[in-house]
Student: 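Have a look at this one before I ask anything.
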Amino acid sequence: MAVRQAAVHLIGKPGLRIGAEEITESSGGTVEHVYAATGQTTAPVVLAGPSEIDLAVTTARAAFPKWRDTPVNERRDILLRFADLIVEHATELSDLQTLEIGVPVQLSRQMPAIAADWVRYYAGWADKSGGDVISTWPIRSLNYTLDEPYGVIAGIIPWNGSLMSMAQLLGPALATGNTIVVKPSELAPFVATRMAELAVQSGLPTGAVVVVPGAAAAGQALAGHPGVGKVHFTGGAVTARSVLSSAAEHLTPVALELGGKSPHLVFEDADIRFAARVAMSGVIALSGQGCANGTRLLVHKSVRDQVLDILVSRLRKTKLGDPADEATVMGPVVSHNACQRILGVIDRGRQSGNLVSGGNRSGGDLSAGFFIEPTVFADVDPAAELAQEEIFGPVLSVITFADEDEGVALANDTRYGLGAYVHTNDLRRAHRVSRAVEAGAVWVNGAPGLMPSVPFGGVKQSGSGRIGGLAGLREFLRPKNVWIPV
Ligand code: NDP
């Protein structure tokens, strides 16, 4: 496992850096990080507890006036330098991302350039955002808005792609003059810590970005801290409830970017080979651990067999293995616990669908890691756990429908509403279904992923916040209104 050897030296000394302070013993204790591909420990990780969170927020608050008052052209240039540093350290960041969660280098090698683009996009907004002048007729008055930063943003991020999460958070939060404390998952501390070092190196004031890896207690302390101006939470719906209740103590506003059970609708008039190929990504991309993966494949009954044949034959040829090998398409799931949980869902799933592919933990050379075969259940009961719960593993549930109305009804028959995928060659149907599905984003005939200029987020229990585009920028600004009689 070449990446493990190559990247371990990059992790450096365990410790928390909070502003100018280096903390090696903390109230959050220490955990051993485990490489998902081998099950072996890599390095100890010092975790923040409530007292380190308090120090982190105090530090970021102290840095706030200086960063808010930094001229916007300088803010822009610092963020552009940050983006350049991400590109300069691309191999290191990609190796760390692979080591952190076992994502294949085939994918992690693409991430730094994309992350840098997110930062550049928002650097571009730093000197362009302003307020509005508002008509007050019949009162004669000059009325305008000032868009102001919140102060300290509390960013709580999941483990499933810290490189992207950090870029998507730091770009808009910093461009708008906020400072930020980020709590990455205890499972994934390395990339976020390294990204913060690069941000500081790019010229940010000390304390403008503080990264404090920690467990749930650290997240609770951060979301409930009175010094936080806004919480930006990305993670699961269950944790979101806890975050909301922590933030309720001080009525701190919260943006939520949550999970999904995204439908993948394939109509009878679609390009079936292409649709099956795109549907495959719902299982293999990030080993099924992506928030917007299309994990419910809804297929018109006339093309069910054709789609399943293509899908299953391609999945059986998918190369699972060493994430450091350029040929590996699919890596492990993140942890032993995740592996056991997903295998439990697969086991129970045999009661509510027909297992047509996968279903097992990988053996042989891969047995020490947390590898699960890409798994497909056909003819799944729409009310079952397989069709309703976010499994966050390589498991696809296939359900058939008889007509468009039934397809849309099935697509919406979940408490989530993050992404939706529609395959059809009928333009009117594409528009009709895109309007009818309850989702924050709809991809028609393809899945190009997320882009910095495009807003992305959920409806229903997939959250309320947006990343990307102007909507993503506005998450970090609040309008103040000024009246001047004339
Ligand atoms: P979790 O909800 O388990 O954790 C998210 C973050 O919250 C982690 O840093 C976690 O720390 C922390 N946390 C845990 N408990 C608390 C608490 N009580 N108070 C405050 N913070 C807490 O999600 P996962 O990390 O397992 O990530 C997977 C989820 O994230 C999926 O549902 C996925 O769909 C969603 N997601 C959504 C995205 C979007 O853009 N909509 C993007 C990526 C993922 P720790 O891990 O150390 O416990």
Side-chain angles (χ1 to χ4, degrees), residues 28-29 31 33 45-50 53 100-101 103 118 154-169 181-189 191-192 211-225 228 231-249 252 254-262 282 285-295 333-335 337-338 341-342 389-393 414-419 439-441 449-450 454-468 471-472 475:
V31 289
H33 172 266
V45 179
V46 176
L47 299 177
I53 292 293
E100 194 164 82
I101 57 168
V103 53
W118 276 79
I156 301 176
I157 60 172
W159 49 262
N160 75 329
S162 314
L163 192 43
M164 295 311 305
S165 296
M166 286 294 283
Q168 288 162 347
L169 199 50
V181 176
V182 182
K183 190 212 83 63
S185 165
E186 60 185 318
L187 296 174
V191 172
V211 168
V212 276
Q220 280 167 333
L222 184 56
H225 198 289
V228 163
V231 179
H232 196 283
F233 172 76
T234 309
V238 173
T239 317
R241 290 190 182 88
S242 167
V243 167
L244 285 171
S245 90
S246 302
E249 169 78 13
T252 310
V254 182
L256 298 174
E257 306 281 349
L258 310 180
K261 190 73 186 173
S262 300
L286 284 173
S287 305
Q289 304 168 114
C291 55
N293 284 32
T295 50
V333 298
V334 70
S335 65
N337 285 349
R341 183 185 54 74
I342 296 161
E389 300 300 326
E390 184 185 39
I391 300 168
F392 227 53
T414 150
R415 62 179 183 278
Y416 294 109
L418 193 55
L450 307 187
V454 177
F456 172 76
V459 299
K460 294 157 72 177
Q461 292 191 24
S462 290
S464 52
R466 290 293 178 270
I467 56 166
E475 291 289 351

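This one's a predicted model, so the numbers in the text were calculated from it and none came from an experiment. Whatever order the structure lists them in is the order used to number ligands and atoms, beginning at 1.
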Student: Going by the atom numbers of ligand 1, which of them fall below 4.0 Å from some non-hydrogen atom of Ala215?
Tutor: 47 (O)
Student: Report the part of Gln289 in contact with ligand 1, treating N, CA, C, O as backbone and CB onward as side chain, heavy atoms under 4.0 Å; options are side chain, backbone, both, neither.
Tutor: neither
Student: List the closest protein heavy-atom neighbour of atom 9 (O) of ligand 1: residue, atom name, distance to the nearest 0.1 Å.
Tutor: Ile157 O, 2.7 Å
Student: Out of curiosity, Leu222 CG to Ile53 CD1, how far, rounded to the nearest 0.5 Å?
Tutor: 5.0 Å
Student: Test your reading of the model: is there a side-chain donor-acceptor pair from Asn293 to the backbone of Ser262, 3.5 Å cut-off?
Tutor: no
Student: When you compare the side chain of Ile391 with that of Thr295, does any pair of heavy atoms fall below 4.5 Å?
Tutor: no
Student: Is Ser242 touching ligand 1 with its side chain, its backbone, both, or neither, if touching means heavy atoms under 4.0 Å apart?
Tutor: side chain
Student: Among protein heavy atoms, which sits nearest to atom 47 (O) of ligand 1, and what does the distance come to when rounded to 0.1 Å?
Tutor: Glu186 N, 2.9 Å
Student: Between Gly236 and ligand 1, is there a nitrogen or oxygen pair with a distance under 3.5 Å?
Tutor: yes
Student: What protein heavy atom sits nearest atom 32 (O) of ligand 1, and how far off is it?
Tutor: Glu390 OE1, 2.6 Å
Student: Hey, would you say the Trp159 and Phe392 ring centroids sit under 6.0 Å apart?
Tutor: yes
Student: Which distance, rounded to the nearest 0.5 Å, do you find between the CG of Leu258 and the SG of Cys291?
Tutor: 9.5 Å
Student: Run Ile342 and Val333 through side chain to side chain contact (heavy atoms under 4.5 Å, CB included) and show every step you take.
Tutor: CA-CA 9 Å; Ile342 296 161; Val333 298; 3.8 Å; yes
Student: Quick one: look up the protein heavy atom nearest atom 35 (C) of ligand 1 and list residue, atom name and how far away it is.
Tutor: Gly235 O, 3.3 Å
Student: I need the contact type for Val238 against ligand 1. Using non-hydrogen atoms and a strict under-4.0 Å cut-off, is it side chain, backbone, both or neither?
Tutor: neither
Student: Sub-3.5 Å donor-acceptor pair from the side chain of Ser462 to the main-chain atoms of Gly259, do we have one?
Tutor: yes
Student: Could you see which bit of Thr234 sits under 4.0 Å from ligand 1, with heavy atoms only: side chain, backbone, both or neither?
Tutor: both
Student: Give the residue, atom name and distance (to 0.1 Å) of the protein heavy atom nearest atom 14 (C) of ligand 1.
Tutor: Thr239 CG2, 3.4 Å
Student: Which of the numbered atoms in ligand 1 are below 4.0 angstrom from a heavy atom of Val243?
Tutor: 19 (N), 20 (C)
Student: By number and element, which atoms of ligand 1 are closer than 4.0 Å to a non-hydrogen atom of Gly214?
Tutor: 47 (O)
Student: In Å and rounded to the nearest 0.5 Å, what is the CD1 to CG distance from Ile467 to Leu169?
Tutor: 9.5 Å
Student: What protein heavy atom sits nearest atom 20 (C) of ligand 1, and how far away is it?
Tutor: Gly219 C, 3.2 Å
Student: If you measure every N/O of Leu187 against every N/O of ligand 1, is any gap under 3.5 Å?
Tutor: no
Student: Within the structure, does Ile156 bring an N/O atom to less than 3.5 angstrom of an N/O atom in ligand 1?
Tutor: no
Student: Which residue supplies the protein heavy atom nearest to atom 10 (C) of ligand 1, what is that atom called, and how far is it?
Tutor: Lys183 NZ, 3.8 Å
Student: Starting from atom 25 (O) of ligand 1, what is the nearest protein heavy atom, named by residue and atom, and what distance separates them?
Tutor: Trp159 CD1, 3.1 Å
Student: Which of the atoms in ligand 1, numbered in the order shown and given with their element, are less than 4.0 Å from a heavy-atom of Gln220?
Tutor: 17 (C), 18 (N), 19 (N), 20 (C)
Student: Could you check Met166 against Val182 for side chain to side chain contact (heavy atoms under 4.5 Å, CB included), going step by step and ending with a plain yes or no?
Tutor: CA-CA 8 Å; Met166 286 294 283; Val182 182; 3.8 Å; yes
Student: Kindly compute the distance separating OG (Ser185) from CG (Leu47), expressed to the nearest 0.5 Å.
Tutor: 9.5 Å
Student: Check each heavy atom of Asn160 against ligand 1 and say whether those closer than 4.0 Å belong to the side chain, the backbone, both or neither.
Tutor: side chain
Student: Give the atom numbers and elements of ligand 1 that come within less than 4.0 Å of a heavy atom of Ser185.
Tutor: 9 (O), 45 (P), 46 (O), 47 (O)
Student: Which heavy atom in Val254 sits nearest to a heavy atom in Ala247, and how many Å separate them?
Tutor: CG2-CB, 3.5 Å
Student: Using modelled atom types and a 3.5 Å cut-off, is there a donor and acceptor pairing between side-chain atoms of Glu475 and backbone atoms of Arg466?
Tutor: yes
Student: Is Glu390 salt-bridged to Arg415, going by a charged N under 4.0 Å from an acidic O?
Tutor: no
